[in-house]
Amino acid sequence: MFAITGGAAAADRPKEGVEADASTRQVAITSSFTGTEILVFGTVENSVQPSPEAGTYDIIVVVEGMPSPVVVREKSRVAGIWINTSSLPFASVPSYYAIASTRPIDEIADRALLDANQIGFDHVHMAHARDVDVDAATVQSFKDALIRLKEAQGVYVRRDFGVTFIGRSLFRATISLPPNVPVGPLTARVYLFKEGKLLGQYQSRVMLQREGIERFIHNFAISQPLAYGIVTVLLAAAAGLTAAFAFRKPA
């Protein structure tokens with residue numbers, strides 16, 4: 001007699017999913033802001049992982065800022081002087097992009113899946129301006145340069161082993177926000193993978209908001225641009241006169 005076991009049990013097993021959140025939903029940006037860290041944590045629902053080290057699941061955490069237009073310029077040496085010789089405008093580029101994962105993302109999923117979900121520097125859609133006629137190789141070259149510049153500025157961050165399991169289902173990742181992080185909403189996304197398949201994802205928001213004198217000056221500049229300009233000129237003139245009198249030699 002032959003029998004097949006386990007099929008029904010697998011079919012009846014609850015579907016795995018992911019629940020996650022950030023340690024804070026709001027970060028105050030003041031004149032003394034020197035950067036901070038946010039903790040992204042969560043759990044795998046209906047986990048079948050026997051231990052934290054088993055590697056049954058992979059987690060990718062992405063924290064992304066609002067998209068904005070960017071112009072990338074290439075410098076070349078002409079007659080011994082470095083000058084801008086070409087440029088390419090991008091219509092939409094994440095202002096901040098941090099990614100942490102249990103291991104390198106190319107080992108977690110194939111390129112098509114990463115492209116479809118825009119996971120990773122090489123897979124984020126960065127559209128160049130439509131009125132610029134350039135070939136794909138040139139676009140890729142400028143995109144690579146843009147990513148390098150953003151990494152050097154600290155606003156593009158990648159940690160291949162930045163997500164750790166602290167239990168059969170619990171995981172965590174620490175995301176660093178540098179002092180120059182663009183102010184605005186951040187979107188935190190958590191992806192759950194198993195054997196190269198995307199099982200689920202979760203999304204939350206973190207708001208970066210100016211506070212104190214920074215917020216007053218920003219709101220004043222936006223709501224009263226003319227008055228802000230006049231005040232700025234008067235303050236500059238006052239500072240110049242003060243410096244002139246302070247360093248004036250006695251007769």
Side-chain angles (χ1 to χ4, degrees), residues 16-23 35 37-45 47-65 67 70 72 90 92-127 136-137 139-178 181 186-204 206:
E16 296 134 303
V18 62
E19 290 283 345
D21 205 350
S23 57
E37 292 182 340
I38 59 174
L39 175 67
V40 179
F41 59 93
T43 181
V44 178
E45 296 181 312
S47 172
V48 297
Q49 184 167 243
S51 68
E53 301 81 13
T56 306
Y57 302 107
D58 280 300
I59 299 290
I60 298 177
V61 174
V62 173
V63 178
E64 185 175 355
V70 172
V72 181
F90 287 85
S92 179
V93 173
S95 58
Y96 173 82
Y97 194 95
I99 180 168
S101 52
T102 48
R103 54 185 173 135
I105 61 173
D106 293 338
E107 297 177 10
I108 294 176
D110 60 30
R111 185 176 186 86
L113 189 53
L114 297 175
D115 284 341
N117 291 276
Q118 299 190 49
I119 300 174
F121 297 159
D122 297 332
H123 310 282
V124 174
H125 182 60
M126 298 181 183
V139 173
Q140 186 61 48
S141 175
F142 274 87
K143 180 181 177 180
D144 292 341
L146 172 60
I147 292 171
R148 289 195 301 271
L149 292 171
K150 292 285 189 179
E151 286 186 289
Q153 294 169 2
V155 293
Y156 276 27
V157 183
R158 173 171 48 201
R159 296 179 62 202
D160 288 339
F161 299 94
V163 180
T164 56
F165 275 92
I166 54 177
R168 292 179 58 255
S169 61
L170 300 177
F171 61 86
R172 58 177 289 167
T174 301
I175 304 296
S176 298
L177 302 179
V181 61
L186 299 176
T187 301
R189 300 192 300 274
V190 178
Y191 300 90
L192 171 65
F193 290 87
K194 180 182 178 184
E195 297 177 350
K197 297 180 180 180
L198 180 60
L199 299 184
Q201 56 182 289
Y202 194 88
Q203 179 173 305
S204 62
V206 176

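Note that the coordinates shown come from a computational prediction; the quantities given were computed from them, not determined experimentally.
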Can you check whether F161 reaches R103 side chain to side chain, under 4.5 Å on heavy atoms? yes
Could you check whether any side-chain heavy atom of L186 comes within less than 4.5 Å of a side-chain heavy atom of I175, counting everything from C-beta outward? no
Between Y57 (side chain only) and V48 (backbone N and O only), is there a donor and an acceptor less than 3.5 Å apart? yes
Find the distance between CD1 (I38) and CG (D21) and round it off to the nearest 0.5 Å. 10.5 Å
Identify the heavy atoms of E19 and F171 that sit nearest to each other, and give their distance. O-CZ, 4.3 Å
Gap separating the OG atom of S47 from the CD atom of E16, nearest 0.5 angstrom: 7.0 Å
Do the side chain of T56 and the main chain of Q49 share a donor and acceptor less than 3.5 angstrom apart? no
Which pair of heavy atoms, one from I119 and one from I105, lies closest together, and at what distance? O-CD1, 3.7 Å
With Y156, which residues qualify under side-chain hydrogen bond (donor to acceptor under 3.5 Å, both in side chains), at least two apart? none
To the nearest 0.5 Å, what is the distance between CG on L198 and CG on L192? 7.5 Å
List in chain and number order the residues that pass salt bridge (charged side-chain N to carboxylate O under 4.0 Å, His left out) with R111, two or more places apart in sequence or in another chain; answer none if no residue qualifies. D115
Among all residues two or more places apart in sequence or in another chain, which pass the salt bridge (charged side-chain N to carboxylate O under 4.0 Å, His left out) test with R172? none
Correct closest heavy-atom pair for S92 and P67 would be OG-CB, 3.2 Å
All heavy atoms of S204 vs all of A22, minimum pair found to be OG-N, 4.3 Å
What is the minimum heavy-atom distance between V62 and Y191, and which atoms define it? CG2-CE1, 4.2 Å
Non-hydrogen side-chain atoms of Q201 and I60 separated by less than 4.5 Å: no
Go through I147 and M126 one step at a time and tell me if the side-chain contact (heavy atoms from CB on, under 4.5 Å) criterion holds. CA-CA 10 Å; I147 292 171; M126 298 181 183; 4.2 Å; yes
Taking side chain as C-beta onward, heavy atoms only, is N117 less than 4.5 Å from R189? no
Could you go through the side-chain contact (heavy atoms from CB on, under 4.5 Å) check for T102 and F165 one step at a time? CA-CA 8 Å; T102 48; F165 275 92; 4.2 Å; yes
Without swapping roles, check the side chain of S101 against the backbone of D160 for a donor-acceptor pair under 3.5 Å. yes
For D144, which residues count as a salt bridge (charged side-chain N to carboxylate O under 4.0 Å, His left out) partner, sequence neighbours excluded? none
Non-neighbouring partners of R158 that pass salt bridge (charged side-chain N to carboxylate O under 4.0 Å, His left out), sequence neighbours left out: E151
Using the side-chain contact (heavy atoms from CB on, under 4.5 Å) rule, take I166 and F41 through it: C-alpha gap first, then chi angles, then the decisive distance, then the call. CA-CA 10 Å; I166 54 177; F41 59 93; over 6 Å; no
As a quick check of understanding, evaluate side-chain contact (heavy atoms from CB on, under 4.5 Å) for L199 and V18, giving each step before the final call. CA-CA 8 Å; L199 299 184; V18 62; over 6 Å; no
Minimum side-chain heavy-atom gap V63-V206 below 4.5 Å: no
Is a side-chain donor or acceptor of E37 paired with a backbone partner of T174 at a separation under 3.5 angstrom? no
Which heavy atom in V124 sits nearest to a heavy atom in K143, and how many Å separate them? O-NZ, 2.9 Å
Tell me whether Y97 contacts the main-chain N or O of G120 through its side chain, where contact means a donor paired with an acceptor under 3.5 Å. yes
S95: which residues meet the side-chain hydrogen bond (donor to acceptor under 3.5 Å, both in side chains) condition with it, sequence neighbours left out? none
